[in-house]
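Here is the structure we will look at, set down as structure tokens.
Just so you know, ligand 1 is whichever comes first in the structure, and atom 1 is the first atom listed for that ligand. This one's a predicted model, so the numbers in the text were calculated from it and none came from an experiment.
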Amino acid sequence: MRATFKSTYASLPDEFICITKPEIAAFPEIHLYNDSLAKALGLSYLSKQQILTYFSGNEPIPGIEPLALAYAGHQFGHYVPLLGDGRAHLVAELTTPNQEHFDVQLKGSGRTAFSRRGDGKCPLGPALREFLVSEFMHAVGIPTTRSLAVIGTGELVSRERALPGAILTRIAKSHIRVGSFEYAYHLNDIDLLQKLADYTILRLDPDLADHPQKYLSLLKRVVNRQAVLIAQWMNIGFVHGVMNTDNMTLSGETIDYGPCAFIDDFDIDSVYSYIDSGGRYAFGQQPSIAYWNLRQLSQALKPLIDKEIANQDDEITNVLRGFETSFNHNLQQGISNKLGFISKQTEDEQLVQTLFFNMHQHQLDFTLTFREIMLILEGKNQGDISFLKIDALQEWFAQYSCRLSKDYNHIIQAVEKMRKHNPWIIPRNYLVEDVIEAAILGNMQPIKTYLMALQNPFQEYTLNDAFARKPIQQELNVQTFCGT
Ligand code: AMP
Ligand code: MG
């Protein structure tokens, strides 16, 4: 079964969209293509030539006019009234054989009316990075935009050095962002705001279309989706790095893999992005920043909510409060899963706190700590387990075993559950950088091998395997760059 293409954004008022063509790529070349995603989308039938022409932007998808979306955003807390797709073209939307609806967007496809001083281009490195990390996020079950293709343009992009250019094909439930609503709100025209909100409801929450409080309900859905998402980020150690309101979707998908990274040693103050000198988007700040962003969304939706209910301030406050409740619930549920708990017990919170305190105190690797616990449970405790070298954690382990015995006849049974919630590998920044550097020099094999591993992160490894092991001092995350 084949996907069908359409363009529903084109029905939005002119204020929200700008019809614009991608620039021609001189010598398009397929660097990465996601066959399994293509199959799920109903795109398996595309020939190599079609992949090259459609996803380089050299030819439009038949019957669809490419466009760029307008949006605003708070960047590092400062409001920018107009951002928009400055280097991206929405080349189609598609309906899959399962009747799911997705945006197909090219990123790095040239200048648009929103480019300001930018060149509209994307170097190969950041495109590959987004492909790798988004595929990993998907593999561990975290909502995310997906990557269908990286097409080299055959041209150089001028950054701190000249770099090969590329175009990433990004698939998203929708590209509507908190910043899209901030933009609509500042147009000071309630009809326009309502058109965007109604469009969003039809795309993301069609069951709300006839709800008497549909705008408040939309806010509630987005608050919950973000609470679920950020809890998942925290439980995998993901630091987004640029949680500006233009990088937060209403669909609850992770978007924009710029200077993101995964924590190695557990430290809630971890900041990697070189542009985030104040640590606004540090690992431990993410829940409160998400809440801050959702407040901006509630402000933007307020004129519509005002029309549908009387005591709108109280109602909005209640909905926003739901973030903390849902986030905490999802965070705790996620940690319980990681530790193999089935029931809820009074000692669980203390056990979790003591574990995290010691992880921080002794600079333990966040990902591997859970795998070490599993190895100990399985009796595979070879001498290289850092966990057992810490007296406090030996004591902790005795209490933890006791706790597990409330849920299992044999504590080793917990490992089956834990296997599904604790990846052996995460995208380690030094490995990501190595394979990207090789790709830039023309060798795609390392990135293909690493990508395949990241698409299967729950596969078994040992503590010494190259993709799994704890990074040595020089390999630890220090700084990441947007590289846009
Ligand atoms: P980002 O940092 O990717 O979230 O982008 C923030 C804003 O800057 C968006 O409006 C982008 O379209 C724009 N932007 C980023 N890089 C470029 C570029 N090379 N050319 C034009 N616009 C860009
Ligand atoms: Mg962005």
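- Taking the six-membered ring for Trp and the full ring otherwise, Phe262 and Phe136 have centroids separated by under 6.0 Å.
- Atoms of ligand 1 lying under 4.0 Å from at least one heavy atom of Gly120, given by number and element, are 18 (C), 19 (N), 20 (N), 21 (C).
- A salt bridge (charged side-chain N to carboxylate O under 4.0 Å, His left out) with Glu475 is found for exactly one of Lys470, Arg469, Arg428, namely Arg469.
- With ring centers used as reference points, Tyr199 lies 6.0 Å or more from Phe16.
- The shortest N/O to N/O separation between Phe114 and ligand 1 does not fall below 3.5 Å.
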Listing, residues 298-307 side-chain donor-acceptor contacts under 3.5 Å, not counting sequence neighbours, or none:
residue, atom, partner, partner atom, Å
Ser298, OG, Arg295, O, 2.8
Lys302, NZ, Asp313, OD1, 3.4
Asp306, OD1, Gln312, NE2, 3.3
Lys307, NZ, Gln194, OE1, 3.3

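- Less than 4.0 angstrom separates some heavy atom of Lys121 from each of these atoms of ligand 1: 19 (N).
- Taking a 4.0 Å cut-off on heavy atoms, Arg116 registers as neighbouring ligand 1.
- Listed by chain and number, the protein N, O or S atoms at a distance under 2.8 Å from the Mg ion (ligand 2) are Asn247 OD1, Asp256 OD2.
- In this structure, Lys220 places its NZ atom where only 12 or fewer heavy-atom neighbours from other residues, nucleotides or ligands lie under 6.0 Å away.
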For this session: Could you go through the side-chain contact (heavy atoms from CB on, under 4.5 Å) check for Gln75 and Val242 one step at a time?
Result: CA-CA 8 Å; Gln75 299 191 310; Val242 235; over 6 Å; no

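- With sequence neighbours left out, Glu182 forms a side chain to side chain donor-acceptor pair (under 3.5 Å) with His74, Thr245.
- For the residues Ser115, Gly84, Gly108, the heavy atom positioned nearest atom 9 (C) of ligand 1 is part of Gly84.
- When side chains are defined from C-beta on, Val140 counts as touching Phe458, because their heavy atoms get closer than 4.5 Å.
- Between Tyr450 and Phe467, the ring planes are tilted. Angles from 30° to 60° get that label.
- Residue-to-ligand polar distances keep Gln75 apart from ligand 1: every N/O pair is separated by 3.5 Å or more.
- For ligand 1 and Arg159, the ligand atoms under 4.0 Å from any heavy atom of the residue are 19 (N).
- Remark: of the listed residues Phe76, Trp292, Phe238, Phe76 is the sole one forming a ring pair (Phe, Tyr, Trp, His ring centres under 6.0 Å) with Tyr281.
- Each of the atoms 1 (P), 3 (O), 4 (O) of ligand 1 lies under 4.0 Å from some heavy atom of Asp256.
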For residues 166-174, dump all side-chain donor-acceptor pairs below 3.5 Å to protein atoms at least two apart in sequence or in another chain.
residue, atom, partner, partner atom, Å
Arg170, NE, Gln105, OE1, 3.2
Arg170, NE, His175, NE2, 3.3
Arg170, NH1, Asp256, OD1, 3.0
Arg170, NH2, Gln105, OE1, 3.0
Ser174, OG, Ile176, N, 3.0

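- Counting the atoms of ligand 1 from 1 in the order shown, those under 4.0 Å from a heavy atom of Tyr71 are 9 (C), 10 (O).
- Below 4.0 Å from some heavy atom of Asn247 lie the following atoms of ligand 1, by number and element: 4 (O).
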